[in-house]
Amino acid sequence: MVIEPPLFFTNMKVFISFLVICLYSIGLFSQGVYLTESDFLTKKISFKRGNRGVYKMDENVLFNKKLLSIKINDTTYYLFKDSIFGYMNKQGISFRFYKGKTYQIINPSETILLYKIRATPATKLQKASYEYYYSANASDSIEILSYKNLIDGLKKNKLFASYLELYFSDESNLLEFDTSNNMYKINRLLQLSIQNK
């Protein structure tokens, strides 16, 4: 006897959405705070969302945008954003606090971190636009993503600078993703420059 999959699962996007909802509902997305850069690199979450009870994280505490509040059941914790690295939201997206701004981390598992901040909100007529930034690693300063800034920020690695010149014709390609190596191309070039030293 052949059992056909339910119609619900025939559409892969619907199946993936269903899977994400299931994973979230059983608490596999560990929403919480990265207290330090080391916590971010080792994926250690503090003040994390458990499977039970009330959990609410608020990045815009009333009258004080420098604070992050976390409510776990009946206890509310307040953390100064400039004293912690960042947080992971309930969708599993990581953010970094830096000089009074919150940057979404696009590629949390790579060395050169890429960030984005919404420049303009979405409207009915157009999508939201973003500004892009980078840091040479998780502890380095965040700079505007540009060809010049990448070269200046990683100037100790001359081979990397040469690879950038070879592979990027202009700044619009800096966010190019290398699907065969499952990483952003600038990180693949960094890997190659370290291997070929």
Side-chain angles (χ1 to χ4, degrees), residues 13-124 127-145 149 153 175 177 182-184 186-187:
K13 286 183 180 178
V14 172
F15 173 72
I16 290 171
S17 298
F18 175 76
L19 184 63
V20 167
I21 290 167
C22 288
L23 291 175
Y24 174 70
S25 68
I26 61 171
L28 291 184
F29 285 138
S30 297
Q31 178 183 8
V33 174
Y34 301 115
L35 293 176
T36 64
E37 163 217 335
S38 176
D39 288 351
F40 168 72
L41 293 171
T42 59
K43 298 179 179 18
K44 178 185 173 192
I45 300 280
S46 299
F47 300 100
K48 68 179 167 183
R49 176 187 186 279
N51 290 339
R52 298 169 195 257
V54 176
Y55 185 96
K56 183 179 178 191
M57 186 183 298
D58 186 2
E59 193 187 328
N60 298 306
V61 176
L62 190 63
F63 304 119
N64 194 338
K65 297 194 180 234
K66 295 181 179 182
L67 289 175
L68 176 74
S69 74
I70 301 160
K71 183 172 184 176
I72 302 173
N73 294 325
D74 295 330
T75 306
T76 302
Y77 303 91
Y78 295 96
L79 303 170
F80 283 101
K81 293 179 187 176
D82 63 0
S83 68
I84 60 177
F85 180 87
Y87 70 97
M88 179 187 287
N89 70 11
K90 61 186 175 184
Q91 288 82 27
I93 300 170
S94 294
F95 295 84
R96 180 179 174 187
F97 298 126
Y98 184 75
K99 292 190 175 180
K101 291 186 179 178
T102 305
Y103 295 83
Q104 181 181 335
I105 304 171
I106 299 171
N107 59 338
S109 61
E110 297 178 20
T111 303
I112 299 172
L113 293 176
L114 299 171
Y115 308 88
K116 69 179 182 178
I117 288 184
R118 183 175 290 166
T120 60
T123 65
K124 289 182 180 179
K127 293 181 180 179
S129 65
Y130 293 90
E131 295 172 348
Y132 293 91
Y133 298 82
Y134 89 98
S135 63
N137 53 53
S139 61
D140 211 359
S141 62
I142 294 178
E143 305 292 338
I144 293 171
L145 180 62
N149 286 349
L175 289 171
F177 193 77
N182 199 28
M183 64 174 55
Y184 283 86
I186 59 173
N187 277 291

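On a predicted model such as this, the values are computed, not experimentally measured, just so you know. Just the heavy atoms: all of them, side chains too, but no hydrogens, waters or symmetry mates, feed the values below.
The ring-ring contact (aromatic ring centres under 6.0 Å, His included) with Phe85 is formed by just one residue from the set Phe40, Phe97, Phe95; it is Phe40. Between Tyr87 and the choices Arg96, Glu59, Lys48, Lys81, the side-chain hydrogen bond (donor to acceptor under 3.5 Å, both in side chains) rule is met once, by Glu59.
Between Tyr115 and Tyr103, the ring planes lie perpendicular to each other; the angle is over 60°, past the 30° to 60° tilted range.
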Test Gln104 against Ile93 for side chain to side chain contact (heavy atoms under 4.5 Å, CB included), laying out the working first.
-> CA-CA 7 Å; Gln104 181 181 335; Ile93 300 170; 3.6 Å; yes

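Between the side chain of Thr36 and the backbone N or O of Asp39 there is at least one donor-acceptor pair closer than 3.5 Å. Under a 3.5 Å cut-off, the side chain of Asn187 and the backbone N or O of Ile112 do form a donor-acceptor pair. Using modelled atom types, no side-chain atom of Ser129 and backbone atom of Ala119 make a donor-acceptor pair closer than 3.5 Å.
When all heavy atoms of Leu41 and Ala138 are compared, the closest pair comes out as CD2-CB, 3.9 Å. Minimum heavy-atom separation, Glu110 to Phe177: OE2-CE1, 4.5 Å. Between Asn107 and Leu114, the closest heavy-atom pair is OD1-N, 2.7 Å. A pairwise comparison of heavy atoms in Ser141 and Glu143 identifies OG-OE2, 2.9 Å as the closest pair. Residue Ala136 comes nearest to Gly153 through the heavy atom pair CB-O, 4.5 Å, listed as atom of the first residue, atom of the second, then distance.
The distance from the CG atom of Leu113 to the CD1 atom of Ile105 is 6.0 Å, given to the nearest 0.5 Å. To the nearest 0.5 Å, the span separating OH on Tyr134 from CG on Leu175 amounts to 13.0 Å. With values rounded to the nearest 0.5 angstrom, Arg49 atom CZ is found 8.5 Å from Lys90 atom NZ. Taken from OG1 in Thr120 to OH in Tyr130, the straight-line distance is 9.0 Å, to the nearest 0.5 Å. The CG atom of Asp82 sits 7.5 Å away from the CZ atom of Phe80 when rounded to the nearest 0.5 Å. Rounded to the nearest 0.5 Å, atoms NZ (Lys66) and CG (Leu79) are 15.5 Å apart.
Counting heavy atoms from C-beta on, the side chains of Leu68 and Tyr78 never come closer than 4.5 Å.
Applying the ring-ring contact (aromatic ring centres under 6.0 Å, His included) rule to Tyr55 yields no partners; only residues at least two apart in sequence or on another chain are considered. By the ring-ring contact (aromatic ring centres under 6.0 Å, His included) test, Tyr77 pairs with Phe47, sequence neighbours left out.
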